[in-house]
Each structure stands twice: as C-alpha cells, then as structure tokens.
Amino acid sequence: MSTTSGYLTYKCQVQGISVTKAIEAYSTQTCPVCQKRHKPKGRMYRCRYGYVSHRDTHGAKNILSEQLYGIFTLMQETHIKYLRVA
Ligand SMILES: [Zn+2]
C-alpha cells in the first residue's frame, strides 16, 4: 500500500467495513438548511438564518447526507464523537 486511502481501505476491509470515496467540494461551506455558501470563521459554522454546527461535524454531516440523499440536507445529530488532537 503506497497511499493513505489504500491503507485506509485495507484496514477497513480487514474489519469488514466498506469504503466509498466521496467528493467533499463545498461540504464545509454549504448550509444544509438554506443551501447558501459561505466560509466559516472559527470552530463553529453559523448561517445567517439560524443554523449552527461545529465546523468539523458540519462538513462530515454534509458529506454523509450527500451520499445518502444526493444533497446537503439537515441531518439529526446523534452522539457525534470526535478526537481532538492538540
Ligand atoms: Zn442557512
């Protein structure tokens, strides 16, 4: 394995996890409620129309919703965990 994605695919296959590559374009900039784009400042993504989410989970949720539903749409937050490395 010479690439990071190749190594990740290998490690997932060992655990029986499928890997799908997704295009992440605009996932951190697009509001899943109003579909408008802006670049977030700081750790929180805030839309002028009220949507607020942690910046890291915001992008991840948009990528997941696009894979599941074909669009960036609001998804229910359920116990999102992330590791913060200093
Ligand atoms: Zn919005």
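Just so we're clear, the structure is a prediction, and the values are computed from it rather than from any experiment. Counting starts at 1 for both ligands and their atoms, in listed order. Residue numbers count from 1 along this sequence.
At least one test fails for Arg46 against the ring of Tyr51: distance under 6.0 Å to the centre or angle within 45° of the axis.
Note on Ile23 and Tyr26: separate hydrophobic clusters, where clusters join Ile, Leu, Val, Met, Phe, Trp and Tyr whose side-chain heavy atoms are under 4.5 Å apart, directly or indirectly.
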| request: Please assess Val52 against Met44 for the test side-chain contact (heavy atoms from CB on, under 4.5 Å), listing each intermediate value before the final yes or no. | output: CA-CA 7 Å; Val52 179; Met44 301 300 288; 3.7 Å; yes
| request: Would you please test Lys61 and Leu74 for side-chain contact (heavy atoms from CB on, under 4.5 Å) and show each step? | output: CA-CA 8 Å; Lys61 288 184 295 185; Leu74 190 60; 5.8 Å; no
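For Gln13, the side chain to side chain contact (heavy atoms under 4.5 Å, CB included) criterion is met by Thr9, not counting sequence neighbours.
For the Zn ion (ligand 1), protein N, O or S atoms under 2.8 Å: 3 in total.
Inspection of the Thr30 and Lys36 side chains reveals no N or O donor paired with an N or O acceptor under 3.5 Å.
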